[in-house]
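FYI, side chains are in, hydrogens and waters are out, and symmetry mates aren't considered; it's all heavy atoms of this structure. Note that the structure is predicted; figures quoted are calculated from it, not measured. Numbers restart at 1 for each chain; the letters A, B, ... are given by sequence-line order, proteins then strands.
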2 protein chains.
Amino acid sequence: VSPALPATVLVIGTGLIGTSVALGLRRQGVAVWLQDADPEVARAAEARGAGRTGEPDVDVDLVMVAVPPARAASVISEALRLNLFATVSDVVSTKAELLREVERLVQDSSDLARYVPGHPLAGREVSGPEAAREDLFVDRVWALTPGPATDGTRVRSMEAVVAALGALPVRTTAEAHDAAVALTSHTPQVVSSAVAAGLAQLGEVEVGLSGQGLRDVTRLAESDADLWTEILTSNAVPVADALAGVVVRLEQVRAALLSPTPDAEAVRSALVAGGAGRSRVAGKHGGAPVRWAVVPVAVADRPGELGRLFADAGATGVNLEDVRIEHAQGRPTGLVELEVAPESARALADGLRAAGWSVRG
Amino acid sequence: VSPALPATVLVIGTGLIGTSVALGLRRQGVAVWLQDADPEVARAAEARGAGRTGEPDVDVDLVMVAVPPARAASVISEALRLNLFATVSDVVSTKAELLREVERLVQDSSDLARYVPGHPLAGREVSGPEAAREDLFVDRVWALTPGPATDGTRVRSMEAVVAALGALPVRTTAEAHDAAVALTSHTPQVVSSAVAAGLAQLGEVEVGLSGQGLRDVTRLAESDADLWTEILTSNAVPVADALAGVVVRLEQVRAALLSPTPDAEAVRSALVAGGAGRSRVAGKHGGAPVRWAVVPVAVADRPGELGRLFADAGATGVNLEDVRIEHAQGRPTGLVELEVAPESARALADGLRAAGWSVRG
């Protein structure tokens, strides 16, 4: 049997994440109190139905700390001090430095035993309680990174909370977590920006030579610079280490290209190694990538065409597994790729052709 | 008035690109002859209706050379020698080295005047005449890179051919072209592979911490290693130069992170520079990026749900500008983002909610 959900929860920090947690727990019948450094923000969360503002009149079972990273350590240690029986968790996106700070502030190991560090991998390009949603965490990974002092029972009860919010709890160490997000999140951000910065030197005509691959690689460069500066500096050494690995591999390719005769085998090895790494993230839950058959359809740039296409696709009775729309210069082009089970591709293509669509390939 | 299309064309090399050119020109009523080093391949193109195999019985107006890059220079020079009045063009994806080779092989400047180097930015993950399509080039950029000896009238007549195939002719120099594709195509490929290669060291649990950004950045790492080895080595110096720029920028961020106190301002500058570069390729035809309003809808993983969603969206009368489906671990998640004109977002969200959909945000 899985541990019961806490009956009473205090959420400190009622921005997007804190209010979304509160809404999700309210949905499960949990009693939730809301606090924020800005009372207006807490009241806005209350107005969303996320709980009630003010001091709890009971000893709460769980304190969720969802304040900005710079304030997290002091709020966590204070929460452990004031709530003698509660599990205390947080949502800060890098874990090792925060754990060190909390360990410094909280000397009593029985208090530290109640601290379960966490990181939900969910976010939006918006913030504040108004943008919160009870389903923000559905199907998202939520890392829990217990420290050496953390009590295992407390971890299991946080896993129940995470699962109740619809997320997938993943348990690892703070160090492994930070090294992993350095590789999977922070380094891609820096690299995307570094590639995009090179485009400043291109003329208007040459920009026209860019394609979908460039847009994929540089999409992250649109991210908010202030937010990412904070994230990157909070995970400085793991990110620097991961960047060093990327630089070594780029330099290997550069040296191979600059050999008197380009060293094709070295270039090829670098590409093959990339393909092997990519296969780690391309498949479902780490398994082999799913290969759907692609049915490409030309769509005119006229109102209603996409809706008409999907209606006709639905009428064929074939289940669409995925849809991709090719983009050029940031705008959809006329090509929509419908992905279906390989055995259904013919039926879909024939059905769409019969409905008058130009199916390519 | 734009120049007339050639009446007669010889296509040498009837793979995917050559046969697609031939099919597109046949559609315009042009007489096309087909040749390939492998007569079977030429006959397969003929069977597709791309023209007739064998030697033309007239002096053709245009020779399109679409052979593999390693053979292109000799085939081009031979075509100039054998077809005294024809314009000769090619489709090789890097231009400077090829132009130097052709200039070495063709000494007569009146012959060189008839050579119009070209590069259609179109391709598929398939090859051969069977995969060819008359609309392969529709809405694609097609670079023309005349050399110092190239006759301007010949360039304009190639622009008419390119336009007749539905592509967008773009005129630049071989050097500017190669530097541009190094930045916009070849460097993103190498960088994507270099980031992806770093994932090999991740444990199964840590792979679970990867998100959409990583998948965007590493998508290109799935590309064919042999094909890309050939492309990268054919543009070795411009790619090496572009990689050097990326390495410098990555090292700047790394140094900023490794300062005794991380240098937040330097990190931020790197991210801001990336955002500025990204804006060059995110907009329509180099203009400002179009910002659509996003209406996120939760979709259950059941057959027919996507079709039903688009049918209901169509029923609201709102025109969908774009559709994105969020992916995790290479599979679509339950979140579909419908993009519409900002003034239409409310109507779409309300209409979908009325139809029973869970519209987020």
*Can you pull out the residues in residues 180-190 of chain B with any heavy atom less than 4.5 Å from chain A?*
B:A180, B:V181, B:L183, B:T184, B:P188, B:Q189, B:V190
*Which of residues 224-231 of chain A have a heavy atom under 4.5 Å from any heavy atom of chain B?*
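Within residues 224-231 of chain A, near chain B: A:A225, A:D226, A:W228, A:T229.
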Chain A: which of [options] shares the most heavy-atom pairs with it under 4.5 Å?
{"options": "B:P262, B:A240, B:A242", "result": "B:A240"}
{"options": "B:A313, B:A196, B:S223, B:S358", "result": "B:A196"}
{"options": "B:Q201, B:R219, B:R171, B:E251", "result": "B:R219"}
{"options": "B:A244, B:G275, B:G317, B:A255", "result": "B:A244"}
{"options": "B:A221, B:G213, B:S192", "result": "B:A221"}

Between [X] and chain B, which part of the residue has a heavy atom less than 4.5 Å away: side chain, backbone, both or neither?
{"X": "A:D241", "result": "neither"}
{"X": "A:H119", "result": "neither"}
{"X": "A:L258", "result": "side chain"}
{"X": "A:V205", "result": "both"}
{"X": "A:A270", "result": "backbone"}

Write down the atom of [X], the atom of [Y], and the distance for their closest heavy-atom approach.
{"X": "B:E206", "Y": "B:L202", "value": "CB-CD2, 3.8 Å"}
{"X": "B:R215", "Y": "A:V281", "value": "CD-O, 3.7 Å"}
{"X": "B:A266", "Y": "B:A256", "value": "CB-CB, 3.7 Å"}
{"X": "B:E97", "Y": "B:D178", "value": "N-OD2, 4.5 Å"}
{"X": "A:L348", "Y": "A:V318", "value": "N-CG2, 4.0 Å"}
{"X": "A:V207", "Y": "A:S210", "value": "O-OG, 2.8 Å"}

Please rank [options] by heavy-atom pairs under 4.5 Å with chain B and give me the top one.
{"options": "A:A143, A:A264, A:A315", "result": "A:A264"}
{"options": "A:A176, A:G198, A:A273", "result": "A:G198"}
{"options": "A:V191, A:V138, A:V237, A:D312", "result": "A:V191"}

Atom [atom1] of [X] and atom [atom2] of [Y]: how far apart are they, to the nearest 0.5 Å?
{"X": "B:E265", "Y": "B:R268", "atom1": "CD", "atom2": "CZ", "value": "5.5 Å"}
{"X": "B:S269", "Y": "B:D263", "atom1": "OG", "atom2": "CG", "value": "8.0 Å"}
{"X": "B:L144", "Y": "B:T172", "atom1": "CG", "atom2": "OG1", "value": "10.5 Å"}
{"X": "B:L309", "Y": "A:F310", "atom1": "CG", "atom2": "CZ", "value": "9.0 Å"}

*Does A:R140 use its side chain to pair, donor to acceptor, with the backbone of A:A122 at less than 3.5 Å?*
no
*Does the side-chain contact (heavy atoms from CB on, under 4.5 Å) test come out yes or no for B:T173 and B:T145, once each step is laid out?*
CA-CA 5 Å; B:T173 66; B:T145 60; 6.0 Å; no
*Proximal component of B:V246, with respect to chain A [non-hydrogen, under 4.5 Å]*: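 Both parts, backbone and side chain.
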*Report yes if the side chains of A:L257 and B:N235 come closer than 4.5 Å at any heavy-atom pair, otherwise no.*
no
*asked:* In the structure I gave you, are the side-chain heavy atoms of B:L220 and A:D216 within less than 4.5 Å of one another anywhere?
replied: no
*Evaluate the side-chain contact (heavy atoms from CB on, under 4.5 Å) criterion for residues A:L271 and B:L232: first the C-alpha distance (whole Å), next the side-chain angles of each, then the deciding distance (0.1 Å), finally the verdict.*
CA-CA 11 Å; A:L271 296 171; B:L232 294 170; 4.1 Å; yes
_Distance-only side-chain donor-acceptor flag, A:T218 / B:R278, under 3.5 Å_ = yes
